[in-house]
Amino acid sequence: MVNPEPATVSATNFIRDIISEDLRNGKYQHVQTRFPPEPNGYLHIGHAKAICLDFGLAREFGGRTNLRFDDTNPEKEETEYVDSIQEDVRWLGFEWDGLYYASDYFDQLYEWAVQLIRAGKAYVDDLTADEVRQRRGTLTEPGQESPYRNRGLEENVDLFERMKQGEFPNGARSLRAKIDMASPNMNMRDPVMYRIVHASHHRTGNRWCIYPTYDWAHGQSDSLERVTHSMCTLEFADHQPLYKWFIEQLRIFPSQQIEFDRLNLTYTLLSKRKLLQLVREGHVSGWDDPRMPTISGIRRRGYPPQAIRAFCAAIGAGRTNGTTDFAMLEHFVREDLNRRASRVMAVLRPLKLVIDNYPEGQVEEMDAINNPEDAAAGSRRVPFSRVLYIENDDFREAPPKGYYRLSPGREVRLRYGYFVTCTSVVKDASGSVVEVHCTYDPATRGGNAPDGRKVKATIHWVSAAHAIAGEVRLYDKLFTKPDPSEVEEGREFTANLNPESLAVLDGCRLEPSLAGAQPGARYQFERLGYFCVDLDSTPGALVFNRTVALKDTWAKVEKKSH
RNA sequence: UGGGCGGUCGACUAAUGGUAGGUCAAGUGCCUUUGGAGCACUUUGUCUAGGUUCGAAUCCUAGCCGCCCAGCCA
């Protein structure tokens with residue numbers, strides 16, 4: 001097979017070990033997982049790691065995975081996000097077994113809350129959020145109990161019912177679990193279960209004006225779905241005792257939570273809040289700007305889902321906080337595209353090349369291999385003629401040491417064309433080279449010299465008369481610092497934005513086979529990088545995004561000599 | 001400072017008391033009709049100090065360092 005599907009998850013990780021053991025010793029008979037995003041933003045590469053774990057591990061053990069939207073906060077959540085999340089999960093290559101919303105469980109949650117009240121385990125508090133905060137205590141000092149903590153059962157039930165009926169304004173009262181204000185675990189200091197929010201919910205409309213907090217809804221939602229292994233990120237480890245407390249009080253199905261480390265990437269921000277800020281303030285064109293680490297952004301950038309999965313498998317999952325090199329992600333993108341992308345020739349910064357001894361008006365169709373990594377990809381024909389465009393970078397009037405490409409008197413190979421030798425240049429008034437003249441050796445057709453002589457460089461080209469025009473967008477890192485959140489006092493992370501993260505090249509020249517290329521199609525522009533057709537393309541005006549550049553040894557050498 | 005969770009090459013990750021291995025990055029060479037790809041090789045690591053053991057990255061003790069928690073966000 002040309003493109004073997006890489007493993008969805010790494011050969012081993014501690015979560016797999018736990019699941020295997022749970023199945024072996026009978027703690028659970030099956031595997032049920034869930035991916036529980038809040039629909040308040042777009043999914044990003046960090047979520048991809050969680051998705052690969054949630055869906056990948058369940059798939060591996062013959063289990064099931066639900067997609068559940070944790071929509072407990074009507075003020076932040078929108079249908080737009082629900083739609084994008086589903087699209088992104090599918091694009092990554094996964095399909096859910098059940099599609100649920102935490103809001104599906106609002107009635108059950110309410111009923112259970114009443115049950116806890118009647119059991120003396122929850123109470124309505126009249127304190128405001130500020131007052132609750134003042135009494136919470138600190139990391140080292142216990143909190144104080146609310147004066148409303150011990151009011152009567154019936155009064156609690158009545159008040160809670162009236163909260164639901166909408167008798168009180170936002171924030172006037174809350175329902176709190178009655179646990180332990182002196183607990184060293186802040187989550188156990190009578191956490192809020194319900195707050196009053198008179199806001200319309202994207203699914204339940206105006207039916208409710210009290211909404212469960214995440215802590216109250218999450219564990220019970222898992223339990224209702226019979227989730228066996230509930231994976232989440234490390235910061236929720238402190239909440240586990242609370243979830244267990246609820247489950248024990250209610251005597252419901254015990255889901256097991258397993259925390260793993262969040263993905264961090266160099267030069268990348270993975271905070272929904274900051275990503276939203278980039279969008280709102282117009283630093284990027286939208287959630288799907290190809291520079292964004294969102295799934296929709298990297299999709300538009302041209303990253304293949306297989307590459308994302310291979311990357312997630314490679315980084316694994318553990319419990320140590322770290323930061324993965326962005327280069328690791330790019331490696332998997334290149335590795336995937338190298339095997340699958342068709343090669344074409346495109347000249348981004350055109351320089352005219354005239355072959356003086358090539359017959360005027362003659363056109364030859366040269367055979368070009370579509371993908372040297374995949375014989376099945378076949379070949380195509382590329383028109384060759386007397387006037388070509390070559391890459392501006394591929395000619396130097398005064399070549400530095402180690403530069404192999406074209407320069408006066410030097411012979412190079414035109415890929416799939418002929419050997420040409422530079423004879424002269426034409427300059428404009430300012431002294432820059434605008435045209436290069438050469439002669440070609442007719443015996444080298446296709447790029448082979450019968451006499452066996454070698455050239456040190458092969459450069460790409462397009463025939464001036466046959467090339468089609470196109471726009472190419474060159475993307476670079478969005479931030480200049482490995483840790484974009486590292487800023488001087490009083491500055492914002494936006495100060496680290498890379499002003500050169502986008503360079504738009506107009507007037508690029510593409511080989512004619514690219515005419516009609518469809519949005520999303522991926523190619524390798526030989527010697528330059530991987531590019532994909534952007535959504536902004538129209539039939540007559542192609543736009544390409546640079547997905548990732550090819551590794552460039554020469555650039556490295558040149559940089560070192562400076 | 002109370003509680004929770006962690007510390008293995010520069011980065012990510014294996015080794016589950018028995019040879020510290022893989023991937024990325026970096027470097028060197030080979031090869032090449034992409035300065036791509038591929039191939040070969042190289043450099044660098046168990047936080048510290050004690051202890052248990054024939055044997056410790058792994059177990060114990062004590063330190064040190066890092067991350068998380070004081071939203072009616074998730």
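Letters A, B, ... mirror the listed sequences (proteins, then strands); counts begin at 1. From a predicted model like this one, the values you see are computed outputs, not experimental measurements.
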**Prompt:** Between A:Lys556 and B:A26, does any side-chain N or O lie under 4.0 Å from OP1 or OP2?
**Reply:** yes
**Prompt:** Is there a Watson-Crick or G-U wobble partner for B:G2 with both distances under 3.5 Å, and which nucleotide is it?
**Reply:** B:C69
**Prompt:** According to a strict under-4.0 Å criterion, is A:Lys560 in side-chain N/O contact with OP1 or OP2 of B:G27?
**Reply:** yes
**Message:** When you measure from the centre of the six-membered ring of A:Tyr267, is the NZ or CZ of A:Lys481 closer than 6.0 Å and no more than 45° off the axis?
**Reply:** no
**Message:** Strictly below 4.0 Å: does A:Arg319 bring a side-chain N or O up to OP1 or OP2 of B:G6?
**Reply:** yes
**Asked** Hey, which of these two, A:Leu234 or A:Tyr416, hits RNA chain B nearer its 5' end, going by closest nucleotide?
**Response** A:Leu234
**Asked** Tell me: CD1 of A:Ile15 to C1' of B:C5, nearest whole Å?
**Response** 15 Å
**Prompt:** At under 4.0 Å, does any side-chain N or O of A:Arg195 touch on OP1 or OP2 of B:A74?
**Reply:** yes
**Request:** Write down the distance between CG (A:Asp215) and P (B:C72), rounded to a whole number of angstrom.
**Result:** 10 Å
**Prompt:** Rounded to the nearest Å, what distance is computed from the CD atom of residue A:Glu330 to the P atom of nucleotide B:G36?
**Reply:** 16 Å
**Prompt:** Out of B:G2, B:U34, B:C72, which nucleotide sits closest to the side chain of A:Arg136?
**Reply:** B:C72
**Message:** Under 4.0 Å, counting only non-hydrogen atoms across every strand here, what does A:Glu75 touch: a base, just sugar-phosphate, or nothing?
**Reply:** nothing
**Message:** Side chain of A:Leu139 only, heavy atoms from C-beta on: which candidate in B:G2, B:U34, B:U13 is closest?
**Reply:** B:G2
**Nearest heavy-atom neighbours spanning A:Arg343 and A:Pro372** = NE-CD, 3.8 Å
**Request:** Tell me which of A:Leu528 and A:Asp125 sits closer to the 5' end of RNA chain B, going by the nucleotide each one is nearest to.
**Result:** A:Leu528
**Request:** Could you check which nucleotide pairs with B:C30 in any of the strands shown, counting Watson-Crick or G-U wobble with both distances under 3.5 Å?
**Result:** B:G38
**Message:** Working note: A:Leu43 + A:Thr294, criterion side chain to side chain contact (heavy atoms under 4.5 Å, CB included); need CA distance, chi angles, decisive distance, verdict.
**Reply:** CA-CA 6 Å; A:Leu43 259 26; A:Thr294 49; over 6 Å; no
**Item:** Nearest-neighbour nucleotide for the A:Val192 side chain, B:G3, B:G6, B:C72 considered
**Value:** B:C72
**Request:** Taking only the side-chain heavy atoms of A:Met328 (C-beta and beyond), determine which of B:C72, B:A70, B:U23 contains the nearest atom.
**Result:** B:U23
**Request:** For B:G36, measure the glycosidic angle (O4'-C1'-N9-C4 for a purine, O4'-C1'-N1-C2 for a pyrimidine) and name it syn if it falls within 90° of 0, otherwise anti.
**Result:** anti
**Request:** Would you indicate which nucleotide in B:A70, B:A14, B:G4 comes nearest to any side-chain atom of A:Thr138?
**Result:** B:A70
**Prompt:** Between B:U13, B:G10, B:U1, which one does the side chain of A:Thr320 approach most closely?
**Reply:** B:U13
**Listed nucleotide nearest any side-chain atom of A:Met186, set B:U28, B:C69, B:A11** = B:C69
**Asked** Does NZ or CZ of A:Arg203 come closer than 6.0 Å to the centre of the six-membered ring of A:Tyr101, within 45° of the ring's axis?
**Response** yes
**Asked** Of the nucleotides B:C72, B:C24, B:G36, which has the atom closest to the A:Val132 side chain?
**Response** B:C72
**Prompt:** In whole angstroms, how far is the C1' atom of B:G35 from the NZ atom of A:Lys454?
**Reply:** 16 Å
**Request:** Mind calculating the distance between CG (A:Asn338) and P (B:U32) to the nearest angstrom?
**Result:** 18 Å
**Message:** Quick check on B:C24: is either OP1 or OP2 less than 4.0 Å from any side-chain nitrogen or oxygen of A:His331?
**Reply:** yes
**Item:** Side-chain H-bond candidate by donor/acceptor type, A:Tyr211 with A:Glu75, under 3.5 Å
**Value:** no
**A:Thr128 vs B:C72: side-chain N/O to OP1/OP2 distance below 4.0 Å** = no
**Item:** Euclidean distance, atom CZ of residue A:Arg189 to atom C1' of B:G4 [Å, nearest integer]
**Value:** 14 Å
**Request:** Could you tell me which nucleotide pairs with B:A62 by Watson-Crick or G-U wobble geometry, both distances under 3.5 Å, or answer none if nothing does?
**Result:** B:U48
**Base paired to B:G18 (Watson-Crick or G-U; both N/O distances under 3.5 angstrom)** = B:C54
**Message:** Whole angstroms only, please: what is the CZ-P distance between A:Phe260 and B:C67?
**Reply:** 20 Å
**Asked** Judged by modelled atom types alone, do A:Gln240 and A:Glu259 share a side-chain donor-acceptor pair under 3.5 Å?
**Response** yes
**Asked** Expressed in angstrom and rounded to an integer, what is the separation of A:Glu335 atom CD from B:G38 atom C1'?
**Response** 12 Å
**Request:** Could you check which of B:A25, B:C5, B:A14 has an atom nearest any side-chain atom of A:Lys551?
**Result:** B:A25
**Asked** Can you check side chain to side chain contact (heavy atoms under 4.5 Å, CB included) on A:Val462 and A:Leu510, steps first, answer last?
**Response** CA-CA 7 Å; A:Val462 293; A:Leu510 320 169; 5.8 Å; no
**Asked** Nearest to the side chain of A:Asp238 - B:U13, B:C69, B:G27?
**Response** B:C69
**Request:** Using a heavy-atom cut-off of under 4.0 Å over every strand shown, decide if A:Asp70 touches base, sugar-phosphate, or nothing.
**Result:** sugar-phosphate
**Request:** Could you check whether A:Asp17 gets within reach of a base, just the sugar-phosphate, or nothing at all, counting any heavy atom under 4.0 Å?
**Result:** base
**Prompt:** So what does A:Leu242 touch, heavy atoms closer than 4.0 Å: a base, only the sugar-phosphate, or nothing?
**Reply:** nothing
**Message:** Hydrogens and angles aside, do A:Gln220 and A:Ser223 bring a side-chain donor and acceptor to less than 3.5 Å of each other?
**Reply:** no
